[in-house]
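First the structure, in the form of structure tokens, and then the observations on it.
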Amino acid sequence: MNLLSSFDGLDVKEFKTKWQAPSNIAFVKYWGKKGHQLPSNPSLSLTLSDCKTETEIFFKPAKSLSVELFLDNESKPNFAKKIHEFLLKLSADVSWLNHIHLTIHTHNTFPHGTGIASSASGMAALCLGIADYFYFLKNKELDEDFFQLASFLSRLASGSASRSVYGGFVSWGEFETEEGMCDFYASPFKAHESFQNMKDSVIIVSSQEKVVSSRQGHSLMGEHPYAQARFIEAFKNFKRTIDGLRSGDWKSVGEVLENEALQLHAMMLTSPESYTLFKPESLSIIERVRRFRNETGTQVYFTLDAGPNVHLIYPGSIESEVKEFIAKELTPFAELIIHDSIGKGPVKC
Ligand code: PMV
């Protein structure tokens, strides 16, 4: 499927646009690719509210494609180069992309380098702006298909970014007979009302650069002896998660959430080229969360992304108990704590 070809052959004009896109935390993890930037298994995430990227793009006709990018007003030639490469790839379908200049100003609302996935929010904010330009050149009003296009573009930039173009819960990847769930773009997922006030407190354990990037991690799954077993488990966990989210079964969703994080990190540990992204502090936090839940019966569960930081997921109704637990027991392991919650999705500024 290619949503881009219908945007070829347009006359380029000047245009300015600005979008805010949120980060997301995966409940069911995307880890391993097939074909052209397609996931080996379906994934599902929670869109955050406060952790987001704001990106303004100024497009102008030019002889050849060029990109300049400023993060917090500081020029970042390496980021600009990556976006240049991305647009160059897209120009195979949309040839006029070879004749524009982009000036990009971007800003994250969360501290840089904290391990909160800035690629998801960053690439989604960028691709919402690019999709907006496509629509502007075609004289189209922003409609439902606009977000599909933005998700399609975001997926090509960074898989998890495909899910950041919607609020609430979002799935990406083909799944049996579920309509709308496909590998090419993400779609919003309607969960039971008991999940509507979900909280995510992120315990930042280390803000150091990762030793192995997500890109390398996906590619290492190609040679991984347990890859097929992992993909089968991910499909099962996806089914359990969507069933639990529909029925309001916090326990089942929480158990799968933790299992997914542990499977993700188990893949890293058991990879032929073994590596470790969690830290001793991450394990201490996991142990304390388990103990707190066993002792109090509180519905608080952990997950980790591809990094050492631990996300605590819980209903808003127990926010004060969980915050007290975090303050008392987890602060010694934290560089920083960010309290976030379920978000509504991107906004055009
Ligand atoms: O979007 P990428 O290529 O950076 O991969 C992200 C993978 C995980 O964050 C570990 C899981 C996920 O589904 O978000």
Side-chain angles (χ1 to χ4, degrees), residues 21-48 51 53 79 82 85-86 89 108 113-127 150-166 169-175 181 183-187 189 200 202 209-222 224 227 230-231 233-235 237-238 241-242 256-269 271 275-278 282 302-311 313:
S23 185
N24 69 72
I25 175 71
F27 278 34
V28 181
K29 312 290 184 185
Y30 149 58
W31 201 240
K33 301 181 195 196
K34 60 182 186 196
H36 181 38
Q37 191 61 9
L38 301 171
S40 296
N41 63 265
S43 60
L44 187 137
S45 57
L46 172 76
T47 296
L48 300 181
C51 293
T53 302
F79 290 172
K82 277 191 187 156
E85 280 164 14
F86 169 61
K89 279 190 197 145
N108 292 325
T114 48
I116 303 254
S118 61
S119 74
S121 56
M123 289 306 170
L126 175 84
C127 291
S151 177
F152 184 93
L153 285 165
S154 304
R155 179 201 106 226
L156 294 171
S158 164
S160 56
S162 69
R163 301 183 308 241
S164 272
V165 309
Y166 296 107
F169 294 92
V170 185
S171 76
W172 168 44
E174 196 165 323
F175 186 71
M181 289 185 186
D183 284 344
F184 298 94
Y185 48 80
S187 38
F189 180 84
D200 177 8
V202 195
E209 185 96 4
K210 287 192 262 187
V211 286
V212 174
S213 68
S214 290
R215 181 189 286 250
Q216 290 166 302
H218 286 294
S219 122
L220 285 169
M221 285 301 281
H224 201 296
R230 159 62 195 155
F231 301 143
E233 284 301 302
F235 271 86
N237 279 345
F238 183 83
T241 301
I242 60 172
V256 180
L257 180 73
E258 295 191 347
N259 181 252
E260 275 292 304
L262 298 171
Q263 283 196 25
L264 172 71
H265 285 264
M267 289 300 109
M268 299 169 190
L269 293 171
S271 176
Y275 59 107
T276 320
L277 292 188
F278 58 55
S282 321
F302 66 82
T303 186
L304 285 82
D305 222 329
N309 304 324
V310 186
H311 293 243
I313 304 289

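Start at 1 and go down the list; that is how both ligands and their atoms are numbered. Values below: every heavy atom of this structure, side chains too, minus hydrogens, waters and symmetry copies.
Between W31 and ligand 1, a contact under 3.5 Å exists for no N or O pair. Taking only nitrogen or oxygen atoms, main chain and side chain alike, D305 reaches within less than 3.5 Å of ligand 1. Checked against a 3.5 angstrom limit, the closest N/O atoms of N24 and ligand 1 fall outside it.
In this structure, W31 and H218 have tilted ring planes: the angle between them lies in the 30° to 60° band.
Checked against ring-ring contact (aromatic ring centres under 6.0 Å, His included), F238 has the following partners two or more places apart in sequence or in another chain: F175.
When the heavy-atom distances from atom 1 (O) of ligand 1 to S164, G307, G217, S160 are ranked, the shortest goes to S160. Evaluated by nearest non-hydrogen atom to atom 13 (O) of ligand 1, the leading choice among Y30, W172, F27 is Y30.
For ligand 1, the atoms closer than 4.0 angstrom to any heavy atom of S158 are 1 (O), 2 (P), 4 (O). Numbered from 1 in the order shown, with element, the atoms of ligand 1 that lie under 4.0 Å from a heavy atom of A26 read 12 (C), 13 (O), 14 (O). The A306 neighbourhood of ligand 1 comprises atoms 10 (C), with distances under 4.0 Å to a heavy atom of that residue.
Going from atom OG of S160 over to atom CZ of R155 covers 13.0 Å, rounded to the nearest 0.5 Å.
A donor atom on one side chain and an acceptor atom on the other are not found under 3.5 Å apart for N24 and T47. No side-chain donor-acceptor contact under 3.5 Å links S219 and Q216.
Surrounding NZ of K33 are more than 12 heavy atoms belonging to other residues, nucleotides or ligands, all under 6.0 Å away.
The shortest separation from a heavy atom of R163 to ligand 1 is under 4.0 Å, placing the residue in contact.
Contacts between S214 and ligand 1 below 4.0 angstrom, taking non-hydrogen atoms only, involve the side chain exclusively.
At a threshold of 4.5 Å between non-hydrogen side-chain atoms, the residues K89 and L156 do not count as touching.
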